[in-house]
Amino acid sequence: MLVVVTGATSGIGKSTAQIFAKNGFDLIITGRRAERLAELKTQLEKNHSVRVTTLCFDIRKLPEVEAAFNSLDQKQQIDILVNNAGLAAGLSSLQDGNIDHWERMIDTNVKGLLYVSKIVANKMIGNKKGHIINIGSIAGKEVYANGNVYCATKHAVDALNKGMRIDLLPHNIKVTAVNPGMVETEFSVVRFDGDEDRAKKVYSGMLPLKPEDIAETIFWVATRPAHVNVNDIIIMPAVQASATNVIRKAE
Ligand code: NDP
Ligand code: 8X3
């Protein structure tokens with residue numbers, strides 16, 4: 001079995017690659033940071049009997065995405081695609097929004113996911129089977145103050161998840177969304193342009209999910225029996241009830 005994980009250089013994607021490798025799945029891991037991809041490939045191939053292929057590309061750039069997938073052995077069958085690469089940039093009201101942030105989020109979370117999905121879905125159609133697992137967010141289920149464009153991109157992922165499931169149904173391709181609440185990864189550091197102190201405050205006084213918690217969920221949905229599809233999961237820390245309802249201890 002061969003699994004593609006986009007955004008495997010960090011956080012949820014890295015943990016997802018690790019759990020699939022631990023269970024004997026071959027992998028194609030993607031991201032922009034070539035050194036991290038090479039390091040993860042070495043680590044996974046050393047510790048598990050799996051083959052790992054790295055594809056280094058910026059998911060926002062269609063020619064790079066196409067060239068990366070064209071470089072693969074075209075006879076290789078892709079069984080599972082985990083559409084994980086994504087980001088939030090900034091946390092501002094719409095009126096104060098940074099247009100570069102908006103474009104980064106829309107180009108990565110929506111257009112990038114579409115570029116990869118079209119290529120891989122067509123390969124899966126040829127193989128008459130497959131499973132696409134989209135990483136959405138609680139931000140795709142509700143909207144919170146200053147989350148405007150990030151929430152819009154994850155609402156788009158929610159809609160695409162449902163649309164793909166319908167379009168790919170005749171081709172024996174399962175489609176699932178896993179929608180996390182707060183997970184401590186590089187997400188908030190990226191959101192706040194590298195401001196680690198501000199990122200830390202997001203999780204102060206509460207126990208967030210770990211990337212492994214989401215990876216285990218992704219692995220579980222990917223390993224249900226052939227006749228079972230999990231359509232949609234929302235998973236949050238026990239101390240979180242919605243995007244903004246979080247119990248925190250005073251520090
Ligand atoms: P991280 O920042 O730790 O990881 C993000 C991954 O996405 C990295 O591997 C990064 O790789 C990749 N990525 C980002 N931009 C691009 C790009 N332009 N081209 C290629 N790859 C890219 O964050 P998380 O692990 O937390 O995020 C993973 C997913 O989970 C995202 O879709 C996020 O929206 C979602 N999510 C996260 C939550 C959280 O609280 N952490 C909650 C809900 C959803 P590189 O930089 O090497 O390109
Ligand atoms: C990440 C979770 O609440 O920061 O998708 O939007 S949140």
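Note that the structure is a prediction, hence the values are computed from the model and not measured. Just so you know, ligand 1 is whichever comes first in the structure, and atom 1 is the first atom listed for that ligand. Basis for what follows: all heavy atoms, side chains included, without hydrogens, waters or symmetry-related copies.
- Less than 4.0 angstrom separates some heavy atom of Tyr150 from each of these atoms of ligand 2: 1 (C), 5 (O), 6 (O).
- Close contacts of ligand 1 with Thr185, meaning ligand atoms under 4.0 Å from a residue heavy atom, involve 3 (O), 23 (O), 24 (P), 25 (O), 26 (O), 41 (N).
- For Arg191, every heavy-atom contact with ligand 2 shorter than 4.0 Å involves the side chain, none the backbone.
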request  = Start with the C-alpha gap between Lys41 and Glu35, add the side-chain angles, then the distance that decides, and say whether salt bridge (charged side-chain N to carboxylate O under 4.0 Å, His left out) holds.
outcome  = CA-CA 10 Å; Lys41 172 183 162 74; Glu35 270 177 29; over 6 Å; no
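- At distances below 3.5 Å, at least one donor-acceptor pair connects side-chain atoms of Asn84 with backbone N or O atoms of Gly7.
- When non-hydrogen atoms are compared, ligand 1 lies under 4.0 Å from the backbone of Met182 (N, CA, C, O) but not from its side chain.
- When ring centroids are compared, Phe187 and Phe192 stay outside the 6.0 Å threshold.
- What sits closest to atom 2 (C) of ligand 2 on the protein, heavy atoms only, is Ser137 OG, 3.7 Å.
- The residues Asp158 and Lys162 are annotated as salt-bridged, a charged nitrogen and a carboxylate oxygen being separated by less than 4.0 angstrom.
- Of the listed options Gly86, Ser15, Gly181, Pro237, Gly86 places a heavy atom closest to atom 7 (O) of ligand 1.
- Near Gly136, meaning under 4.0 Å from any of its heavy atoms, are these atoms of ligand 1: 43 (C), 44 (C).
- Using a 4.0 angstrom heavy-atom cutoff, Lys154 counts as in contact with ligand 1.
- Among Ile12, Val82, Thr153, the residue whose heavy atom sits closest to atom 25 (O) of ligand 1 is Ile12.
- Within the structure, ligand 1 lacks Pro211 among the residues with a heavy atom less than 4.0 angstrom away.
- Applying the 6.0 Å contact sphere to CD of Gln77 captures more than 12 heavy atoms from other residues, nucleotides or ligands.
- With distances taken over non-hydrogen atoms, the option nearest atom 31 (C) of ligand 1 out of Ile135, Asn84, Thr9 is Asn84.
- Within the 4.0 Å heavy-atom criterion, the part of Ala8 lying near ligand 1 is the backbone and not the side chain.
- Of all atoms in ligand 1, numbered sequentially from 1 with element shown, those under 4.0 Å from a heavy atom of Pro180 are 42 (C), 43 (C), 44 (C).
- There is no path of hydrophobic side-chain contacts, each under 4.5 Å, that joins Ile106 to Val65.
- Residue Ser188 places no heavy atom under 4.0 Å from ligand 1.
- Annotation for ligand 1: atoms under 4.0 Å from non-hydrogen atoms of Gly11 are 3 (O), 25 (O).
- Atom 6 (O) of ligand 2 has Tyr144 OH, 2.5 Å as its closest protein atom, hydrogens excluded (heavy atom only).
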ask   = side chain to side chain donor-acceptor pair (under 3.5 Å) between Asn146 and Asn148: does it pass, once the steps are laid out?
value = CA-CA 6 Å; Asn146 302 324; Asn148 43 63; 5.2 Å; no
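- Side-chain atoms of His171 do not come within 3.5 Å of backbone N or O of Met124 as any donor-acceptor pair.
- Heavy-atom contacts from other residues, nucleotides or ligands closer than 6.0 Å to NZ of Lys141 number more than 12.
- Judged by the 6.0 Å distance and 45° axis criteria, Arg51 is not positioned over the aromatic ring of Phe25.
- Taking distance alone, with nitrogen or oxygen atoms compared against 3.5 Å, Ile59 approaches ligand 1 more closely than that limit.
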